[in-house]
Undergrad: 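This structure is in structure tokens; I'll ask about it shortly.
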Amino acid sequence: MDKTYDHRLESKIYALWENAHAFEPQGDGEPYSILLPPPNANASLHAGHAMYVIEDILVRWKRMQGYKTVWIPGTDHAGYESQYVYEKHLAKQGKSRFDFDRETLYNDIFTFVRENSGLIEDQLKKLGFSLDWSRKTFMLDSHVVETVYKTFEKLAQDGLIYRDHYIVNYCPKCGTTFADLEVTYKDQQDPMYYIQYGPFVIATVRPETMYGDTAIAVHPADPRYSAWIGKSVEVEGPLGPTTLPIIADDEIDMAFGTGVMKVTPAHDPHDFALAKKHHLPVISVINTRGKIELSAVSNLSNTNARAETTSTVQNLSTADARKKVVEYYKEKGLLVKIDEKYTHRVAVCYKSGHLIEPLVLPNWFIKMKPLAEPAINAVRTGKVKFFPTRFESQYYEWLGKFIDWPISRQTVWGIRIPVWYSTTENPDLAITYLSKTGERITGTAQELLATTSLEEIAKGLQQLRAPITAKYVISSTKPSDEYLPETDTFDTWFSSGQWPLTTLKYPEGEDFKTFYPTAVLDTMWDILFFWVARMIMLGLYMTGEVPFKTVYLHSMVTDEKGQKMSKSKGNVINPIEIVDQFGADALRISLVAGSTPGNPIAMSREKVKGYRNFSNKLWNIARFFIMQQEKGLEESGDSSAIVETSAQIIEKTNTLITSVTKNLDRFRFSDAALELYDFIWNDFANTALEQAKEFMHQKETFEVFFETYLTCLKLLHPFMPFVTESIWQELGTAKLIDRTLLIQTAWPTQKRAKMIK
RNA sequence: GCUCGCAUAGCUCAGUUGGUUAGAGCGCACGAUUCACAUUCGUGAGGUCCCAAGUUCGAAUCUUGGUGUGAGCACCA
């Protein structure tokens with residue numbers, strides 16, 4: 001046996017467990033299950049993933065306690081995230097998504113993701129995670145898609161799915177819609193233009209949207225403008241004179257600008273809400289590529305001006321159009337002033353950083369209220385418990401808003417919404433496809449079918465946009481020849497929100513019957529709404545039962561200085577590098593000891609090093625026993641001198657067993673880890689063992705101490721599985737114990753030591 | 001702007017329902033050494049528990065206010 005513990009042997013230990021099928025559920029004990037939050041299939045491990053050690057501790061512990069235990073791994077297709085990565089890869093070849101039809105693009109991304117997956121699996125193994133790989137699930141596996149379709153169908157049957165025009169956050173660069181949750185904001189300085197607008201002066205940073213103005217709004221109590229409320233005024237629009245109604249609403253801030261606001265319902269969420277409330281028309285003037293498109297502008301009084309100006313701005317970018325509009329007002333002498341230093345917050349795409357363009361598009365929605373209410377009750381009545389509990393109030397607050405969930409995404413990489421449109425019943429479907437010659441063609445179904453076969457369109461289909469009034473059929477397969485598929489895919493969270501159903505194979509799977517509801521859902525608090533809340537809602541909706549009984553929100557892993565890790569800051573620590581240097585065990589326990597749920601934990605090399613030393617300490621205690629045994633043990637002898645020390649250590653061990661078990665039961669992982677560390681190093685090795693050293697050749701003494709040591713190995717195993725199992729194997733080789741696997745031994749319970757009289 | 005954390009030794013942080021002398025790791029100072037382990041062992045220094053007021057026999061812990069700091073949500077033409 002080497003003088004120091006060599007953590008490079010960890011992979012051999014993992015193989016030992018795998019070959020013994022030690023991670024698969026065994027026996028007839030009470031079921032205990034955890035699902036690993038699925039990492040992105042094509043990503044590599046980051047520091048946050050290492051926190052899943054919490055789950056490994058739980059399953060290893062429960063497995064030892066005799067529960068029929070399973071921890072199921074899987075990977076997420078990460079819809080738009082993966083597509084974004086792939087598009088960057090395409091860009092290197094001078095191509096973009098517009099060069100491919102949907103099917104080809106999907107298959108290419110599939111290949112790409114598959115080539116890049118597998119890495120994360122190896123990395124999770126390096127951390128020692130006792131995941132049952134025979135059950136691993138990928139978000140696009142056919143049984144997953146089937147379940148997702150079933151859920152969608154049921155929602156539709158229950159009237160919880162609807163289509164509507166809605167103002168959405170649209171990223172023209174990424175070509176898709178985002179939920180409000182997915183949008184980030186940044187401060188930006190833009191000129192604010194003050195423009196004479198009929199009898200008023202309005203202030204705006206976006207003059208180019210004025211083509212879509214449908215009203216002017218003031219505060220009802222504003223004395224400056226009260227006389228105008230309810231009337232209509234003629235204003236100079238960017239296309240010439242037009243007439244707008246004046247509405248009053250409490251939402252208007254009298255102190256902002258001039259207290260008069262132009263209302264552009266199609267391009268501002270706030271204005272859109274006003275339009276709904278006051279029944280104003282909604283006129284889109286920017287298309288999904290972020291270009292000005294004035295085809296929807298109608299009710300204009302001056303058609304000559306329209307034709308002239310329209311041609312100058314049509315298809316310009318919003319930035320260029322803004323210059324044109326400003327110029328127009330300047331020439332007319334209506335530009336009152338420009339505030340160049342106006343700072344405001346703008347919505348940006350969290351991935352590309354591109355400005356978000358609020359657009360009105362047809363979208364698929366899920367009605368939240370009927371789903372959210374039972375989900376709120378489940379937490380209120382304690383069917384689901386949160387650790388730490390303070391996240392419950394955030395959960396209520398968010399779910400209680402009942403904001404309907406927009407589930408359509410204009411990406412290819414994902415689960416397609418299983419809807420089909422008849423081209424004969426819906427001649428106005430807006431279609432974009434690649435022709436046989438690779439040309440990108442756009443038009444309505446009616447226009448295109450006059451010259452092209454439906455077959456060719458279907459083959460080259462890139463995107464289809466159906467009016468909200470379109471008739472559709474829900475089906476996983478094509479209903480008949482005249483149909484074209486919906487091209488939108490589901491929001492990733494719609495499918496991952498069914499993870500407990502899909503991994504366990506709802507409704508007929510044996511695993512579903514055995515393991516649903518799962519015991520614990522452990523994740524970080526940042527996806528509480530995205531993911532956890534959705535799983536509770538959809539789990540309850542489909543099965544009537546919550547998907548998990550406990551939600552544990554583990555620490556966020558930060559860098560050594562407590563800063564959040566991010567690529568832009570350049571402070572990202574690769575956990576695998578730490579594992580290679582100090583061993584997985586050392587990393588694992590360093591993340592658990594001294595951390596509390598809901599608070600950050602720093603990944604500190606110094607701390608990990610300390611626990612690497614602890615691994616070595618454990619190892620050398622084993623060496624001590626082995627060498628002692630090789631020297632020979634004496635059967636009898638006067639052991640009276642050591643009786644007291646032995647009794648004390650047995651008593652303390654009993655206390656330790658109770659305490660560690662109790663702490664694990666209460667999710668107090670840090671307390672359990674620290675007391676094990678303290679007991680083993682201080683109470684046991686440095687104090688008791690030192691005192692008893694000279695008597696260790698006596699068999700009775702040896703056995704008491706050795707027994708205690710074995711108990712420590714078992715208690716520590718969930719936290720530091722590799723070193724404890726390595727030692728267990730060494731002890732087997734030395735014939736100090738029978739050859740077994742530590743992972744399969746029983747969790748210690750209190751014992752009265754038989755050697756003590 | 002709204003909501004929620006956090007503030008304890010030089011550093012990173014524990015401290016469960018209020019209850020002896022407030023703890024750990026690292027760091028620091030001094031010392032030991034061929035012993036299972038120098039990835040070791042021993043001894044020690046180091047605290048206004050952010051500030052103020054309050055509740056209490058008793059407050060790091062509970063209440064209120066303040067300061068600093070972090071996160072989440074909303075978002076202004």
Side-chain angles (χ1 to χ4, degrees), chain A residues 1-7 180-181 183 185 190 192-195 202-207 209-210 213 216-218 251-253 255-264 267-271 274 342-347 388 390-398 401 525-526 528-529 555-556 558 560-564 582-583 586 589-590 593-628 662-663 666-668 670-671 673-675 677-678 681-682 685-687 689-690 693-694 696 709:
Chain A
M1 196 172 175
D2 291 338
K3 212 171 169 183
T4 53
Y5 169 64
D6 184 358
H7 65 260
D180 288 345
L181 283 172
V183 172
Y185 293 86
D190 279 308
M192 165 99 88
Y193 302 96
Y194 286 76
I195 294 167
I202 51 130
T204 178
V205 286
R206 301 203 64 188
T209 63
M210 289 171 75
D213 286 2
I216 290 171
V218 297
E251 298 281 305
I252 311 303
D253 183 354
F256 190 95
T258 56
V260 184
M261 190 180 91
K262 74 186 184 73
V263 183
T264 319
H267 300 291
D268 184 284
H270 188 240
D271 293 10
L274 277 180
Y342 177 66
T343 309
H344 62 151
R345 299 190 76 183
V346 292
R390 67 185 151 88
F391 286 101
E392 287 174 10
S393 55
Q394 284 190 32
Y395 172 88
Y396 296 138
E397 198 188 327
W398 183 75
K401 288 180 189 166
W525 63 81
D526 61 341
L528 187 62
F529 306 137
S555 301
M556 177 178 71
T558 66
E560 277 157 296
K561 290 172 191 157
Q563 297 287 309
K564 195 170 176 174
F582 301 109
I589 196 162
S590 80
S595 85
T596 43
N599 287 333
I601 175 82
M603 190 178 273
S604 145
R605 283 187 173 79
E606 282 306 310
K607 189 173 175 186
V608 178
K609 191 174 154 192
Y611 285 106
R612 187 271 314 265
N613 297 354
F614 181 51
S615 298
N616 199 54
K617 187 77 191 175
L618 273 176
W619 181 259
N620 273 290
I621 301 170
R623 269 187 86 209
F624 171 74
F625 283 118
I626 290 171
M627 289 168 90
Q628 195 64 51
K662 196 173 80 185
N663 279 325
R666 296 178 181 177
F667 299 96
R668 302 187 66 87
S670 174
D671 287 357
L674 289 169
E675 69 188 334
Y677 178 91
D678 183 53
W681 203 317
N682 297 321
N686 288 358
T687 309
L689 214 53
E690 286 298 328
K693 212 172 226 178
E694 56 181 306
M696 210 49 75
Y709 180 56

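Numbers restart at 1 for each chain; the letters A, B, ... are given by sequence-line order, proteins then strands.
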Undergrad: Within the 4.0 Å heavy-atom criterion, would you say A:Phe667 contacts the bases, only the backbone, or no part of the nucleic acid?
TA: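 No contact at all - A:Phe667 keeps every heavy atom at 4.0 Å or more from the nucleic acid.
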Undergrad: Any base atoms under 4.0 Å from A:Ile601, or only sugar-phosphate, or nothing? Heavy atoms, all strands.
TA: nothing
Undergrad: Distance from A:Asp6 atom CG to A:Ser615 atom OG, nearest 0.5 Å?
TA: 11.5 Å
Undergrad: Just checking A:Lys3: base, sugar-phosphate only, or nothing, at a heavy-atom cut-off of under 4.0 Å?
TA: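 Answer is sugar-phosphate: A:Lys3 comes under 4.0 Å of backbone atoms only.
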Undergrad: If you measure from the P atom in B:G44 to the same atom in B:C6, how many Å do you get, rounded?
TA: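 Pairwise P distance, B:G44 against B:C6, rounds to 34 Å.
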Undergrad: Is the ring pair A:Tyr5/A:Trp619 parallel, tilted or perpendicular, if the boundaries are 30 and 60 degrees?
TA: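 Rings of A:Tyr5 and A:Trp619: tilted, as their planes differ by 30° to 60°.
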Undergrad: Spell out protein contact along nucleotides 1-8 of chain B as letters: B when the base is contacted, S when just the sugar-phosphate is, - when no protein heavy atom is under 4.0 Å; keep the 5' to 3' order.
TA: --SSS---
Undergrad: Does A:Asn663 make a side-chain N or O approach to OP1 or OP2 of B:U16 shorter than 4.0 Å?
TA: no
Undergrad: For the residue pair A:Lys262 / A:Thr209, report whether a side-chain donor-acceptor contact shorter than 3.5 Å exists.
TA: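 A pair is found: one side chain offers a donor N or O, the other an acceptor, under 3.5 Å apart.
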Undergrad: Any donor-acceptor pair under 3.5 Å joining the side chain of A:Lys693 to the base of B:A36?
TA: yes
Undergrad: Considering every strand and a 4.0 Å limit on heavy-atom distances, what is the contact class for A:Glu690: base, sugar-phosphate, or nothing?
TA: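 Answer is base: heavy atoms of A:Glu690 come under 4.0 Å of a base.
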Undergrad: For the side chain of A:Lys607 and the base of B:C26, is some donor closer than 3.5 Å to an acceptor across the two?
TA: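 No pair found.
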Undergrad: Determine: side-chain N/O of A:Tyr342 to OP1/OP2 of B:A77, distance under 4.0 Å, yes or no.
TA: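 Checking B:A77 against A:Tyr342, a side-chain N or O does come within under 4.0 Å of OP1 or OP2.
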